[in-house]
Amino acid sequence: MTRGRFITLEGGEGAGKTVQAARLRDALEARGVGTVLTREPGGSPGAEEIRRLLVSGPVERWEPLAEAMLHAAARRDHLLHTIEPALERGLWVISDRFVDSMIVYQGYGQGADLGVLERLSDLSLGGFEPDLTVVLDIPVSEGLGRAAARAGSNRYERMGTDFHETVRRGFLARAESDERRYAVVDATADPDTVDRAIQKIVAARLPVLFDE
Ligand SMILES: Nc1ncnc2c1ncn2[C@@H]1O[C@H](COP(=O)(O)OP(=O)(O)OP(=O)(O)O)[C@@H](O)[C@H]1O
Ligand SMILES: [Mg+2]
């Protein structure tokens with residue numbers, strides 16, 4: 001059994017990660033590739049319980065490193081109970097956010113030490129990393145505007161505009177530092193255009209599918 005591939009979608013609030021993760025899942029399934037669509041924080045029963053501690057309540061609820069540790073604990077559970085078993089069965093796993101969100105939100109955004117976060121990432125993942133990370137890039141005001149149009153708002157959406165600007169720069173900096181693993185997509189375009197851009201990247205980086 002050939003091991004599956006692991007693709008993560010990253011980017012700020014309202015960039016279109018959830019919409020595009022589902023579209024990529026559909027595109028892969030239409031080509032006969034078995035998939036698992038998952039998300040962070042969450043993605044396994046234990047990690048979904050931890051998610052509630054992270055996305056609800058007052059903005060100032062957690063000290064940044066403690067918050068990153070909760071994310072890391074959730075991620076380890078997600079890896080062990082959802083991601084690894086699926087990859088071993090040959091399924092392609094698509095995650096709506098992953099470790100980059102922790103490093104960018106708690107590090108760039110909230111000021112936790114980046115070196116400490118990298119160590120935390122290594123501890124929780126033991127060297128495991130995505131085969132491909134697509135960063136959906138959108139101006140902060142546009143992304144928050146889209147997110148605001150949805151019902152309710154979570155704890156991260158309520159953090160200030162400066163925070164979200166720093167987050168945007170953080171994702172772009174990480175993408176620039178490793179062009180093999182990351183690709184940046186302009187997320188301001190309409191959903192079909194973004195969808196096609198992502199499929200093109202997947203076809204180029206992780207061949208076997210998508211006859212052009
Ligand atoms: N390309 C697009 N053009 C216009 N609207 C879009 C586009 N993609 C998504 N949207 C809309 O913007 C909103 C946010 O999209 P989505 O929930 O996929 O973003 P997200 O990146 O998952 O946000 P969050 O980080 O808050 O979960 C949704 O209402 C969605 O329908
Ligand atoms: Mg989403």
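What you are looking at is a predicted structure, and each value in this text was computed from that prediction instead of being measured. Remember, it's 1-based here, ligands and their atoms both numbered in the order they're listed.
Nearest protein neighbour of atom 30 (C) of ligand 1, counting heavy atoms only, is Val19 CG2, 3.9 Å. Nearest protein heavy-atom contact of atom 22 (O) of ligand 1 is Thr18 OG1, 2.7 Å. Among all protein heavy atoms, the one lying closest to atom 3 (N) of ligand 1 is Arg146 NH2, 3.2 Å.
Assignment of Gly14 to the shell around ligand 1 is supported, since a heavy atom sits closer than 4.0 Å. The shortest heavy-atom distance from Ala149 to ligand 1 is not under 4.0 Å.
Atom numbering of ligand 1 starts at 1 in the shown order; those under 4.0 Å from a heavy atom of Arg97 are 25 (O). Close approach to Asp190 involves these atoms of ligand 1, each under 4.0 Å from a residue heavy atom: 1 (N).
Geometrically, ligand 1 and Gln20 share no nitrogen or oxygen pair separated by less than 3.5 Å. Polar contact with ligand 1: absent for Ala147 (N/O pair, distance under 3.5 Å). For Val194, no nitrogen or oxygen atom sits less than 3.5 Å from a nitrogen or oxygen atom of ligand 1, counting backbone and side chain alike.
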Requested in this report: Could you please spell out the steps behind the side-chain hydrogen bond (donor to acceptor under 3.5 Å, both in side chains) verdict for Arg97 and Tyr105?
Outcome: CA-CA 11 Å; Arg97 291 192 187 277; Tyr105 276 65; 3.0 Å; yes
Report task. Start with the C-alpha gap between Lys17 and Asp96, add the side-chain angles, then the distance that decides, and say whether salt bridge (charged side-chain N to carboxylate O under 4.0 Å, His left out) holds. Result -> CA-CA 6 Å; Lys17 298 176 295 298; Asp96 179 348; 5.3 Å; no
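Inspection of the Glu10 and Ser101 side chains reveals an N or O donor paired with an N or O acceptor under 3.5 Å. Donor-acceptor pairing under 3.5 Å is recorded for the side chains of Arg181 and Thr133. Looking only at atom types and distance, the side chain of Ser95 has no donor-acceptor partner in the side chain of Thr38 under 3.5 Å away.
At a threshold of 4.0 Å, the pair Glu67-Arg155 counts as salt-bridged, since one of the basic side-chain nitrogens sits closer than that to a carboxylate oxygen. Ionic pairing of Glu84 and Arg3 is present here: one or more N-O contacts between side-chain nitrogen and carboxylate oxygen are shorter than 4.0 angstrom. With respect to Glu13 and Arg168, no salt bridge is recorded, no charged nitrogen being found less than 4.0 Å from a carboxylate O.
Neither the backbone nor the side chain of Leu136 has a heavy atom within less than 4.0 Å of ligand 1.
Among Lys17, Arg39, Glu157, the residue whose heavy atom sits closest to atom 21 (O) of ligand 1 is Lys17. Taking only non-hydrogen atoms, the option from Arg150, Arg23, Glu13 nearest to atom 14 (C) of ligand 1 is Arg150. Closest to atom 1 (N) of ligand 1 by heavy atom, among Gly16, Ala189, Ala22, is Ala189.
In this structure, CG on Asp77 lies 10.0 Å from CD on Glu48, to the nearest 0.5 angstrom.
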